[in-house]
Amino acid sequence: RFKKCHDIISTSGDDKMTAFWEFLKIIETKIADEREDKEYSDFYASYEEMRTQDGINKVYNRINNLYRRLIVDQLDQNLGFLGDTINVKPNSLVRIVCELQNYSLLETSAQVKGAAYEEIVGANLRGDKGEFFTPRQVIDAAVEMLDITPDDICTDLACGSGGFVVSMLVAGKKAVERKYEKRKGDHTNTVIVEKDKFARNNIIANDINRNLANACSMNLIMNGVEDSKVFNQDILEPPQNWTCDNVEKLRQLYGLKEEHVAGHRFFTGNITKIGANPPFGNNIVRTEKFVLDQYELAEGKTSQIVEILFLERIVQLLVPGKGKAAIVVPQSILNNPGLEYVRKWIFAHTKVMAVIELPVETFLISGREGTGTLTAILLLERRKLDDTAKILDGVKQIEEYPIFMADVKKVGYDRRGNSIYVKDNEGKEITEEVRIDNEVLHNKVIDTDLPEVIRQYKEFSDKLATGKVYYDAEEAVYRVL
């Protein structure tokens, strides 16, 4: 329905970008209307109103008055997208209201809203600076491996439209539910309070692209986060050079600071879980000395590609000995002979927990033109600083340990972006029930290896934690009992 609403605007004469921002105004207004404490919604169009031009104009005025009262007049608390009027033709606005009025955007599941919303964003805000929008199933797989808890501080420092942060938000809320589900007594109110606390305090997002940061804010608003912590900052710059709105809050939340251990300089932060797909591409480099001076991986260089700088910045933000990151990286980071120094840095500063190689189809339809770059999900845990210092000094060797590895063949769509579905033995597509408000839909089941790969990773991780993974010295391989 999101796509249909967007198309209603764009086919009435507006270009796609204008249509996108006007559609966000409408979404923003409906969410604000749902939040109001009142018996009946003001976001509606009756059958009688739709039959006459006077009725259509009445709906147009009502929705615009609602937008001005709930959105424009609250600009200090809200994004307030582009002006004090919803600039959509009355007939088109009424058609959109009819499409949305019977659904609750706040109550619809995050997965359903997120998939629809990010499809619209990806079609309109695709960048030209290495930004490739991550498929929902890849995001959810990466976040599931992070094993988010109610106490985790989560971020995506190149958030795009907010796919990773919304997935981490959902995971954090589920963790709150699991925390109380085995306890005796009624903890309903406590769960509600703790979910809200996690949403308000534990989710942080940033993107250098202001439009994408705004799109991420709206994604979080649709998922019930009114006071979202979304920033618009070039995060590769030194913290003292940051200039975004609420910059002191960003500095406080990330807590990026310099520390010295055994003669080595480190940067550390407050973050315990990061899910990210930073920009990648060999043509995207940073050359400013004041930027490069922060990064070991730029030492002695006059330029460095941003994908490598982002990798180091992600590790810098993690709490030593505790923080974990699931990062989508080009496979060249893992196997290019010229990047061996990067891999040595990774092993010295982190423990690699998993490598999930993704197929070429993953990003073929993403970004402005898509890319056939082979990618992987890299799951890391930051080492303690003294551990890293000993490795850098040669006092300690990097230990051998088991790493979970998998090669995904299917991500749910083909090279042209057409979805592929699970079929039964007779070749018929399998469906599953999905409930949206009071409507039950029978959706086809996407054919992807990722759920099974994540199940295998969790089984491996559990057995590793209970001593059921051992080293077979004769074969020089790790085996799982």
Hey, mind stepping through K273 and D152 against salt bridge (Lys or Arg N to Asp or Glu O under 4.0 Å) and telling me if it holds? CA-CA 6 Å; K273 297 289 168 66; D152 276 320; 2.8 Å; yes
OH on Y341 to CD on E299, rounded to 0.5 Å: 11.5 Å
Answer yes or no: is there a side-chain heavy-atom contact under 4.5 Å between P320 and F266? no
Can K351 and E399 be counted as an ion pair, charged N to O under 4.0 angstrom? yes
Without swapping roles, check the side chain of S228 against the backbone of V230 for a donor-acceptor pair under 3.5 Å. no
Kindly indicate, with the supporting measurements, whether the criterion salt bridge (Lys or Arg N to Asp or Glu O under 4.0 Å) is fulfilled by R286 and D234. CA-CA 12 Å; R286 298 298 292 262; D234 177 356; 3.0 Å; yes
Around atom CZ of R210, are there more than 12 heavy atoms of other residues, nucleotides or ligands at under 6.0 Å? no
When every non-hydrogen atom of T448 is compared with those of G412, the smallest separation belongs to CB-N, 3.9 Å
For Q240, I'd like to know if atom CD has over 12 heavy atoms of other residues, nucleotides or ligands within 6.0 Å. yes
Taking the basic N atoms (NZ, or NE/NH1/NH2) and the acidic carboxylate oxygens, is any pair closer than 4.0 Å for K173 and E177? no
Give the minimum heavy-atom separation between I377 and A142, together with the two atoms involved. CG2-CB, 4.0 Å
Do E194 and K179 have side chains that approach each other closer than 4.5 Å (heavy atoms only, starting at C-beta)? yes
Has the side chain of S461 got a donor or acceptor atom that lies under 3.5 Å from a matching backbone atom of Y457? no
Is there a donor-acceptor pair closer than 3.5 Å between any side-chain N or O of T134 and the backbone N or O of N277? no
Steps toward side-chain hydrogen bond (donor to acceptor under 3.5 Å, both in side chains) verdict (Q252, E248): CA-CA 6 Å; Q252 174 192 344; E248 289 304 323; over 6 Å; no
For I333, does its backbone N or O pair with a side-chain atom of R343 as donor and acceptor, under 3.5 Å? yes
Reported CD1-to-NZ distance for the pair I192 and K195, which is rounded to 0.5 angstrom: 7.5 Å
Just verifying a value: how many Å separate I153 CD1 and N202 CG, rounded to the nearest 0.5 Å? 4.0 Å
Heavy atoms from other residues, nucleotides or ligands near NZ of K344 exceed 12 (cutoff 6.0 Å): no
Answer yes or no: is there an ion pair linking K30 with E28, defined by an N-O contact shorter than 4.0 Å? no
Closer than 4.0 angstrom, basic N to acidic O: yes or no for E181 and R178? no
Taking side chain as C-beta onward, heavy atoms only, is E259 less than 4.5 Å from L385? yes
Working for side-chain hydrogen bond (donor to acceptor under 3.5 Å, both in side chains), residues T375 and Q331: CA-CA 5 Å; T375 56; Q331 288 187 24; 5.8 Å; no
Are D393 and H264 side-chain neighbours, meaning at least one heavy-atom pair lies under 4.5 Å? yes
Hey, is the main chain of E237 close enough, under 3.5 Å, to the side chain of R313 for a donor-acceptor pair? yes
Considering only heavy atoms from C-beta outward, does the side chain of N206 approach that of N232 to under 4.5 Å? no
Could you report the tightest heavy-atom contact between A298 and L292, atom names first, then the distance? CB-O, 3.7 Å
Would you call D447 and K410 a salt bridge, taking side-chain N to carboxylate O under 4.0 Å as the test? yes
Taking Q294 for the side chain and V291 for the main chain, is one N or O donor matched with an acceptor at less than 3.5 Å? yes
To the nearest 0.5 Å, how far apart are CZ in F164 and CD1 in I327? 9.5 Å
Do you know which two heavy atoms are closest between K463 and L481, and how far apart they sit? NZ-O, 2.7 Å
Please determine whether side-chain contact (heavy atoms from CB on, under 4.5 Å) holds for the pair K468 and V480, giving the CA-CA distance in whole Å, both sets of side-chain angles, and the decisive distance to 0.1 Å. CA-CA 6 Å; K468 294 181 180 179; V480 180; 5.6 Å; no
Ionic contact status for K390 with D386, cut-off 4.0 Å: no
At what distance, to the nearest 0.5 angstrom, does OG1 of T268 lie from CD of Q316? 9.5 Å
Assess the side chains of S217 and N214: does a donor N or O sit below 3.5 Å from an acceptor N or O? no
Whether Y180 and H187 hold their rings parallel, tilted or perpendicular, with breakpoints at 30° and 60°: tilted
Say whether, by atom type as modelled, one donor and one acceptor occur between the side chain of K409 and the main chain of P359 under 3.5 angstrom. no
Does the side-chain contact (heavy atoms from CB on, under 4.5 Å) test come out yes or no for R479 and V469, once each step is laid out? CA-CA 6 Å; R479 299 196 183 278; V469 178; over 6 Å; no
For a side-chain contact (heavy atoms from CB on, under 4.5 Å) check, start with the C-alpha distance between S104 and E34, then their side-chain angles and the critical distance, and finish with the verdict. CA-CA 7 Å; S104 169; E34 288 181 19; 3.2 Å; yes
Evaluate side-chain contact (heavy atoms from CB on, under 4.5 Å) for L256 paired with L317, printing each intermediate quantity in order. CA-CA 6 Å; L256 191 61; L317 284 171; 3.9 Å; yes
Any chance NZ of K257 has more than 12 other-residue heavy atoms, nucleotides or ligands included, within less than 6.0 Å? yes
Non-hydrogen atoms of D140 and S167 that approach each other most closely: OD1-OG, 2.8 Å
What is the minimum heavy-atom distance between G160 and D207, and which atoms define it? N-OD2, 2.8 Å
About how many Å separate CG of L450 and CZ of R136, when rounded to the nearest 0.5 Å? 13.5 Å
Would a distance-only check, ignoring hydrogens and angles, find a side-chain to backbone donor-acceptor pair under 3.5 Å from Q233 to T243? yes
Any side-chain heavy-atom pair from C244 and L250 closer than 4.5 angstrom? yes
Is it true that E144 and K458 have a side-chain N and a carboxylate O under 4.0 angstrom from each other? yes
Does F347 offer a backbone N or O that forms a donor-acceptor pair with the side chain of R383 under 3.5 Å? yes
Are a donor atom and an acceptor atom from the side chains of T350 and E381 found within less than 3.5 Å of each other? no
Is there a side-chain contact between R251 and V247 in this structure, where contact means two heavy atoms from C-beta onward sitting under 4.5 Å apart? yes
Return yes if some donor-acceptor pair links the side-chain N/O of T388 with the main-chain N/O of A348 below 3.5 Å, else return no. yes
Does some side-chain heavy atom of L378 sit less than 4.5 Å from a side-chain heavy atom of L380? yes
